Structure formats: C-alpha cells, structure tokens
Asks: 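Below: one structure in structure tokens.
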2 protein chains.
Amino acid sequence: MATSTVEDYIKQIYLEQIDSIDGFVTMGRVAISLGVVPGTATTMVKSLADSELVNYEPRVGVRLTEAGEELAIQMLRRHRLIELFLVETLGLDWSEIHEEAEKLEHAISDRVLEQMDTLLGHPKVDPHGDPIPSESGNLSNELLMNLGNCILNQPLNIARITDQSSEFLQFVNKSGLMPGVELTVLKRESAADAITLHLSNGMSLVVGTLAGEKILVE
Amino acid sequence: MATSTVEDYIKQIYLEQIDSIDGFVTMGRVAISLGVVPGTATTMVKSLADSELVNYEPRVGVRLTEAGEELAIQMLRRHRLIELFLVETLGLDWSEIHEEAEKLEHAISDRVLEQMDTLLGHPKVDPHGDPIPSESGNLSNELLMNLGNCILNQPLNIARITDQSSEFLQFVNKSGLMPGVELTVLKRESAADAITLHLSNGMSLVVGTLAGEKILVE
DNA sequence: ATATAAAGTTTGATTATTCAAAATACCTGT
DNA sequence: ACAGGTATTTTGAATAATCAAACTTTATAT
Ligand SMILES: [Mn+2]
Ligand SMILES: [Mn+2]
Ligand SMILES: [Mn+2]
Ligand SMILES: [Mn+2]
C-alpha cells in the first residue's frame, strides 16, 4: 500500500505534469510543490521509480507511469470529493477546506468515499470548480476561457478558480467571484492591465489581468 | 504534536487502565492491545514517559499522567463522535465503523469535529452505547447492569455493547440486540449457563452467560 | 531451594522520511 | 572555451516506529 507521503508526491507530480511542456516535472518543482528540500525530492522520486509509479530521468525530471497516473487520479477524486463534502455537509468555508482534505484524502476508505459520492449526488466539480474524476478514473479536461480572453459583453458563469492560495480565495470570496456566479466582462484595457466586470448582483469591479486569468468562465 | 501512533497508545492505555485493578497496565496488555511485540511496547512506553504522557515503572507497568489522560479522553471523543457520524450521516453499518474511526480520529481537525458534534446535536453516546466525552473532557461513567445480573421480568433497554469485535457485533446485529432495543430477561439458569430473553418485537432467544454479560442494560 | 516458565527488557537491524551541506553536472553569457 | 551560477545529486545523519532474537527478572511448582 502506498503511504500518504507517496500519495501526495504522486498527486502533486500529476498536477505539475499537466502544465509542463515536455511532460517531465523537474526536481525543483517537485521539491517546491511538496515543501521539501531538493535532495529529499530526488531521493523520494527514486524510490517512487522503484515502485514503478514514475519514470525518473536523472537531471531531466519525473513522469508518471500508467500506475502512477491511476493513483494520482484516484487521489484527486478523493481530495475533491472530500472538499465538496466538507462544504456541503459540514458547512465549512470553501476557502479553508484544502488543508483538511489534504489529510483526510489518505484516511477515508473507499466505502466512505462512495457513500459521500452518493450523498452528494455524484457531483462533477469541487467547490473551486475543479473537475472530480469519475470512479472509473475519467477526468473531464475541457479547456475554459478566463476573464483575460473570454468574449466581452456576454453573460458568463464563473466555472473555476485556478489559484487556490487562501489569499486569492479570500479575495475571490470578498469580491463575490465564486464558481457559479454570473458576470459580464465589460472591457479590457491592456495598457492599464485592467479588466472591468459587471456582476449579476449589480456590482461592478476592476481586476488586474493576472488575477483575471486565474478565474475561468464558461 | 502527538503522532497518530502516540495517540493510539495513549487511548489504548486509558481503556486498559479502566479495567485494571491497581491502575497499572502491563507491557503485555499494551502490546496485545496495539498489536505489536512486547519489545516494541516497552520501547514506545519509555518514549511516552519521556513526553510526560505516562509514568512507567519497569517490570510493573504504565499509568497515564494528567496530560496523558487528557489526550486519551480527547481521542475517545474523536473516535466516538466519528463513529456516530459515520452511522448517522453516511449510513454505514455500525458493526464496521470502528476501523474507519481508528484512522479518521487522527486526521480531522478540531473545526470539523465541532461541526460534526453540532450536526449530531451534541450526542452523549456512540453507536455501541459508549459515552462520548464532552468537549471539556467530562466522561460519564455510570455503571450499568448486564443481562447476567439485571432484574428479571422487567422491561429494560439495551444501553451498551462491551465486546466490539466484529464477530460479536455481527451476532448482536443478527439477533436484534442493538443499543436502544427493549427487552425482558425471563430467566437465568446457571447450570445451563443460559439466559432467556424476550425482545419487544416478539422474538425470544437464549444466550450464554458470557455473551449476556457483554450486553449492558438500563 | 531450584529448575522452569512467563513476562519484560535490551540489542541490533530495518523501513520510511527528512535535512544540511558537500559534490557534481549543466547552462549561459561573454 | 570557460567562469559563474543554478539545478541536481550524493553523503551522512536524524527521527519515528517496528521486529527478531537474546537476555534478564520475577513468579511458580515441585
Ligand atoms: Mn495529502
Ligand atoms: Mn479543490
Ligand atoms: Mn487510531
Ligand atoms: Mn464505539
């Protein structure tokens, strides 16, 4: 059985791999994303390679094997289902559930997971709008527009928040830009680096391009 | 912070201490109750003593300190609240929740625990009838009669099952002797080592004295 | 009072995970 | 082509938890 440390490494490598060019994740990225020193990342990745969960090329990086990807997706399902459960059933704030799910994802049994899934009605997205893989391991991967490149003057729905630092989520909360909210992008001024929005609740606000690109819509 | 191993040792020592004569728990009991070899128990207990959670007397046994008892009761609260939550909210079978709670008790935050407590309406007993310590650490300890020593021909309610092996719980389930059920003890024949019961649902059945003593009533 | 048996402790090793610091390889700009 | 800088790997050590097997104490039973 994979330890919770192994589960975290694999999940994190998967996430990093998604937005990597060549499919390889560097040791530096692994280290940062898991909060360890580079030497630890190297050691651990070599051991993951021994377990056939990744392919490791010294001085190049890691890439998940089939088995690794399967485990990663399973962990993603656990993590996201738990996050939704914490919000829906226990009424926690969606900006503070990540750490909790980070621990629980290793502790609950498949039995409990399925029970949660049923109770929640087989949801497709978590509170941040991230897709929840199906039990069979299917992960929808439609690419969405963001506030920096979507159509102007068209009602859109916020689908997903890609920066999940509690700082950004707090801002999103405060500004009423949570997933599900309807809005219209009024204008974009590249010189001013600004995007002007109009929310369905009547509020208008301006965000910078960098922030806007972290908010996906559909 | 205490590791989950430490939490388990302390909780288990507390449980063993309750039904010990002199208040000391032997290394043998610690070892069996945690499923480790005796040498491991000795080593671990010495380290618990270094952390001031227990007092250890070589060749005599362990006893919890104030701090140890506090931690033990906190873990008991977690364990039992989680068990009830799994049954009430997630609809799991009460005979299969122990192992689950054994892992979750180390993973959930205080925040989530309080949320569960609120959702369940500050319950006083878990699905096995074991008392749930209050947030302040109070554990009710009324002693109950069992089917082997209670009054005859008097309607009573099953309050608690003391043997929580899945084998026994399965039998309890099958026979309809879960906590909350009403019954009357018709007769006890010491020679036959048998106790005859009449359940409120009309069923009658006979159990051995040993089994009967594991079922507490009030 | 001794020999056994039972219980408990020690010792030496192993696995998993991590860090600090030294060593090495690779890349870049001149 | 090479000096310096950056990334990566290696080495050596630490912590937590465990086991097997040897050893020591204490209890028991003749
Ligand atoms: Mn995690
Ligand atoms: Mn999420
Ligand atoms: Mn436990
Ligand atoms: Mn219980």
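Numbered from 1 within each chain, the chains take letters A, B, ... in sequence-line order. Since we're looking at a predicted model, the values are computed, not measured.
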Asks: Please report the distance, rounded to the nearest Å, between CZ in B:Phe24 and P in C:dG8.
Replies: 13 Å

Asks: Could you tell me which residues satisfy salt bridge (Lys or Arg N to Asp or Glu O under 4.0 Å) with B:Glu218, sequence neighbours excluded, listed by chain and number?
Replies: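 Expected list: none.
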
Asks: Could you pull out all residues at least two apart from A:Tyr14 that satisfy ring-ring contact (aromatic ring centres under 6.0 Å, His included)?
Replies: none

Asks: Test of understanding: with side chain to side chain contact (heavy atoms under 4.5 Å, CB included), list the residues that count as partners of B:Leu119, not counting sequence neighbours.
Replies: A:Leu90, B:Phe85, B:Thr89

Asks: Which pairs of donor and acceptor atoms, one on a side chain in residues 31-47 of chain B, lie under 3.5 Å apart (sequence neighbours left out)?
Replies:
residue, atom, partner, partner atom, Å
B:Thr42, OG1, B:Pro38, O, 3.3
B:Thr43, OG1, B:Gly39, O, 2.9

Asks: Does anything in residues 48-64 of chain A reach DNA chain D, meaning a heavy atom under 4.0 Å, and if so which residues?
Replies: A:Tyr56, A:Pro58, A:Arg59

Asks: Check each residue of residues 99-107 of chain B for a non-hydrogen atom within less than 4.0 Å of any atom in DNA chain D, then write out the ones that pass by number, or none.
Replies: none

Asks: Once side chain to side chain contact (heavy atoms under 4.5 Å, CB included) is applied, do any residues pair with B:Glu57, and if so which ones, sequence neighbours excluded?
Replies: B:Phe24, B:Val60

Asks: Going by the rule ring-ring contact (aromatic ring centres under 6.0 Å, His included), which residues pair with A:His98 if we only count those two or more places apart in sequence or in a different chain?
Replies: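 In terms of ring-ring contact (aromatic ring centres under 6.0 Å, His included), with neighbours along the sequence ignored, A:His98 is linked to A:His79.
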
Asks: Can you build the contact string for nucleotides 12-18 of chain D? Use B for base contact, S for sugar-phosphate-only contact, and - for no protein heavy atom under 4.0 Å.
Replies: ----SSB

Asks: List the residues meeting side chain to side chain donor-acceptor pair (under 3.5 Å) with A:Arg111, not counting sequence neighbours, and say none if there are none.
Replies: A:Gln115, B:Glu96

Asks: Can you run down the ring pair (Phe, Tyr, Trp, His ring centres under 6.0 Å) pairs that involve residues 51-70 of chain B, sequence neighbours left out, and say none if there aren't any?
Replies: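 Applying ring pair (Phe, Tyr, Trp, His ring centres under 6.0 Å) to every pair that reaches into residues 51-70 of chain B, excluding sequence neighbours, yields nothing.
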
Asks: Could you list the residues that satisfy side chain to side chain donor-acceptor pair (under 3.5 Å) with A:Ser20, not counting sequence neighbours?
Replies: none

